> 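Let me give you the structure first, and then I'll get to my questions.
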Amino acid sequence: MKKKNYLQALLVLAAGFLISYYGILGAVDRWGMDALYQTPSGTDNKIRIIAVDEKTLSEYGTFSSWSREKSANLISLLNGSEESKPAAIGFDIMFIGDGDSGTDAVLANACEGSDNIVTAVNIVNETVLESNGDNELQENKMHIADVELPFEALRKNTHIGFANTAPDSDSYIRRAILYRSYEGERIDSFSSAVYQLYCANQGITAGQPKLGTYNEFLFSYSGRPGSYETVSLSDVLNGTVDPRTFRDCIVLVGGYAPGMQDAYNTPVDRSQQMYGVEIHANIIQALLEGNTLEEAGTLVTALLIACLAAAFFIVLKKTKLLAGSLTGLVLIAVWIAAGKFLYGKGIELSLFTFPILLIAIYLIQLIGSYIEERLRRNRMVSAFKKYVAPQVVDELVKHDKFEITLGGENRDVAVMFVDIRGFTSMSEALSPEQVVDILNEYLTLTTSAIFDHGGTLDKFIGDATMGIFNAPFDLDDYVFKAILTALDIVNGTQELNDRLLERFGKTVRFGIGIHCGPAVVGNVGCGFRMDYTAIGDTVNTASRLEGSAAGGQILISTDVYERLKDRIHANKIGNLRLKGKENELTVYEVIDVYNHQT
């Protein structure tokens, strides 16, 4: 592989590392991971929600107008009998500060001795600068400024847990915080407190998920919005729902109406938000079932993605497109399969950054190769249009047949030479500028005639023009088209002479020779200067025929005559001994062609 390609591979390596390490594709990656990872498996009917829903609000009025006696009545109903007592009751409702002293006392008394109640608290965070231990200051956005607690009598008779959410940067909740430390004491999250209380009351050993920097953990959702068994608080309080249905369950009480402003974005359903109490239910079930995860190491993941991306780039450079495509598909399939496997083992691997990188590399390489090929073709087309009929090149390129063999190849061709008669004497009588003008007029005529019939302009040799037919591309009826070209030149002489006579007081006449047969055609020269030409006896014979032709005369060889004798009107000149030839050659003069329509 070229040095340039290795440098490009290093750039891919660096770009892949930076994109992965800094999560530049984080939003797209997260969306894909949500779609693949977050597939709810079903909710646990041991977790039930008593909802402060629209029905309840319609019956009892706005939540802010309630006394705390309703919560006391609910606790009395649930804990009033061992046949109805839940294993854990979590109030995702704040009882912060003192309210009505009478109802506060009723609520505190209802909770006394129960040991199965968790009430929510609120942590007030602030951003501060803290020392990192190396005499450097760093920003801490999770510094606890205050903890808003329930009133004292209730706090003595219940467990507490902070109900704050932990949304990602895109405002979707995929992780939870297990606990926070404040003034030397541990404060569990609401979900963690309910989970631990349930385990303790059921004689289950509580598990400990693997935690991140801020004691956070990822979790899998078990249900979508509305999946958990939910009953209206008013139906429980008025006796419509039998309290015994909650025995040994986890009961969560919380807002379940739009007006309570307790709904959040979740990755399991982007079309609707999920109420906070349902998110707590999902977190608790994840803790119960061990559906918690830790993120794969960022550095290791970034290095792995970068190395694989660079390797894929090298494969694309060294192999054909199909092999490179298959390699990319295999790498993507293996990566996604590995991600799913690790997810089942509790490790969340960044899943879609790698495929996106591979697709980007593939598309860039594909587009780059296309542009490079187009530039190469354009360079070749531009070069060949100088001596091949432009319409021939355009047609071949259009049909994707533009294949030119570099070097030499044997082809059967027709070769035509055209030369001005009396050019030397004429040039002596004119100025150099006038001579060049006449040459340009003449060469325009000969070149146009060659191109009009699909021939190739081989070269200009002073005042002579050489054209070949059937090279570098196959040309139908190429010998006959060489004859037509010669006739067009002869027929165009009069119009040319009219212009020359008017401008310079001079006229010109051409001698033309045509021969056909095998020749070696191709690029001849050196690395920095090449010409596409034909060489061999066929070329020499055509040149000798032109040298023997009088002004306005088209001489052809026997080979040409035998191929076209039924289509051309030609007179036999006789046998001529051409310069450089041991044997005489039978020569014909072309007069016209029969019934040809251009």
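Note that this is a predicted model, so its numbers are computed, not measured.
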> Not counting sequence neighbours, which residues clear salt bridge (Lys or Arg N to Asp or Glu O under 4.0 Å) with Lys210? List them please.
Glu294
> Could you go step by step and tell me if Ile305 and Leu357 meet the side-chain contact (heavy atoms from CB on, under 4.5 Å) rule?
CA-CA 9 Å; Ile305 286 175; Leu357 273 176; 3.5 Å; yes
> Go through it in stages, so that I can follow the logic: the residues are Ser325 and Tyr362, the test is side-chain hydrogen bond (donor to acceptor under 3.5 Å, both in side chains), and I'd like the CA-CA distance, side-chain angles, deciding distance and then a yes or no.
CA-CA 8 Å; Ser325 303; Tyr362 180 84; 2.8 Å; yes
> Of all the heavy-atom pairs spanning Val521 and Val413, show the shortest one and how long it is.
CG1-CG1, 4.4 Å
> Do the numbers put Arg270 on top of the ring of Tyr172, so that NZ or CZ is under 6.0 Å from the six-membered ring centre and no more than 45° off the axis?
yes
> So, for Asp488 and Leu445, which heavy atoms are closest and what is the spacing to 0.1 Å?
O-CD1, 4.5 Å
> Restricting to non-hydrogen atoms, name the atom on Ala482 and the atom on Ala414 that form the minimum distance, rounded to 0.1 Å.
CB-CB, 4.0 Å
> Has the side chain of Asn282 got a donor or acceptor atom that lies under 3.5 Å from a matching backbone atom of Glu278?
yes
> As a quick check of understanding, evaluate side-chain contact (heavy atoms from CB on, under 4.5 Å) for Leu308 and Phe354, giving each step before the final call.
CA-CA 9 Å; Leu308 289 175; Phe354 179 62; 3.4 Å; yes
> Backbone N or O of Ile123 within a donor-acceptor pair of the Asn164 side chain at under 3.5 Å?
yes
> Can you find a side-chain donor-acceptor pair between Gln285 and Asn291 that sits under 3.5 Å?
no
> Compare every heavy atom of Leu351 with every heavy atom of Gly339, then report the nearest pair and how far apart it is.
CA-CD1, 3.6 Å
> Which is it for Val418 and Ile489 under the side-chain contact (heavy atoms from CB on, under 4.5 Å) test, yes or no, and what are the steps along the way?
CA-CA 9 Å; Val418 186; Ile489 293 172; 3.8 Å; yes
> Looking at Asp34 and Arg174, is there a salt bridge between them, counting it only when a charged N and a carboxylate O are closer than 4.0 Å?
yes
> More than 12 foreign heavy atoms under 6.0 Å from OH of Tyr182: is that the case here?
yes
> Would a distance-only check, ignoring hydrogens and angles, find a side-chain to backbone donor-acceptor pair under 3.5 Å from Asp463 to Asp419?
no
> Please enumerate all residues that pass ring pair (Phe, Tyr, Trp, His ring centres under 6.0 Å) together with Phe219, with sequence neighbours excluded.
Tyr221
> What are the two closest heavy atoms between Phe417 and Ile461, and how far apart are they?
CE2-CD1, 4.0 Å
> Is a side-chain donor or acceptor of Asp269 paired with a backbone partner of Arg224 at a separation under 3.5 angstrom?
no
> Which heavy atom of Ala263 sits nearest to which heavy atom of Gln273, and what is that distance?
CB-OE1, 3.6 Å
> In Å, rounded to the nearest 0.5 Å, how long is the span from CD1 of Ile468 to CD1 of Ile450?
9.5 Å
> Under a 3.5 Å distance rule, please check whether Ser181 uses its side chain to pair with a backbone N or O of Gly184 as donor and acceptor.
no
> In plain terms, say whether Lys340 and Glu348 are close enough for a salt bridge, that is, a side-chain N and a carboxylate O under 4.0 Å apart.
no
> Would Phe510 and Tyr442 count as a close aromatic pair, with their ring centres under 6.0 Å?
yes
> Decide yes or no on side-chain hydrogen bond (donor to acceptor under 3.5 Å, both in side chains) for His280 and Ser191, but give the supporting numbers first.
CA-CA 5 Å; His280 289 305; Ser191 304; 2.8 Å; yes
> Is it true that a side-chain atom of Thr456 and a backbone atom of Ala471 form a donor plus acceptor pair closer than 3.5 Å?
yes
> Does the side-chain hydrogen bond (donor to acceptor under 3.5 Å, both in side chains) test come out yes or no for Ser350 and Asp29, once each step is laid out?
CA-CA 7 Å; Ser350 176; Asp29 196 18; 2.4 Å; yes
> Could you tell me whether a side-chain N or O of Tyr275 sits under 3.5 Å from a main-chain N or O of Gln261, the two making a donor and an acceptor?
no
> Sub-3.5 Å donor-acceptor pair from the side chain of Thr538 to the main-chain atoms of Ala519, do we have one?
no
> Does atom CZ (Phe460) have a neighbourhood of more than 12 heavy atoms from anything else shown, all under 6.0 Å?
yes
> Please indicate whether Tyr21 has more than 12 foreign heavy atoms, meaning atoms of other residues, nucleotides or ligands, lying under 6.0 Å from its OH.
no
> Please determine whether the number of non-hydrogen atoms from other residues, nucleotides or ligands lying under 6.0 Å from atom CG of Asn440 exceeds 12.
yes
> Between the side chain of Asp168 and the main-chain N/O of Asp170, is any donor-acceptor distance below 3.5 Å?
no
> Give a yes or no answer on whether the side chain of Ser20 reaches the backbone of Gly16 with a donor-acceptor pair at less than 3.5 Å.
no
> Examine the side chains of Ser171 and Tyr264 and answer whether a donor and an acceptor come within less than 3.5 Å of each other.
no
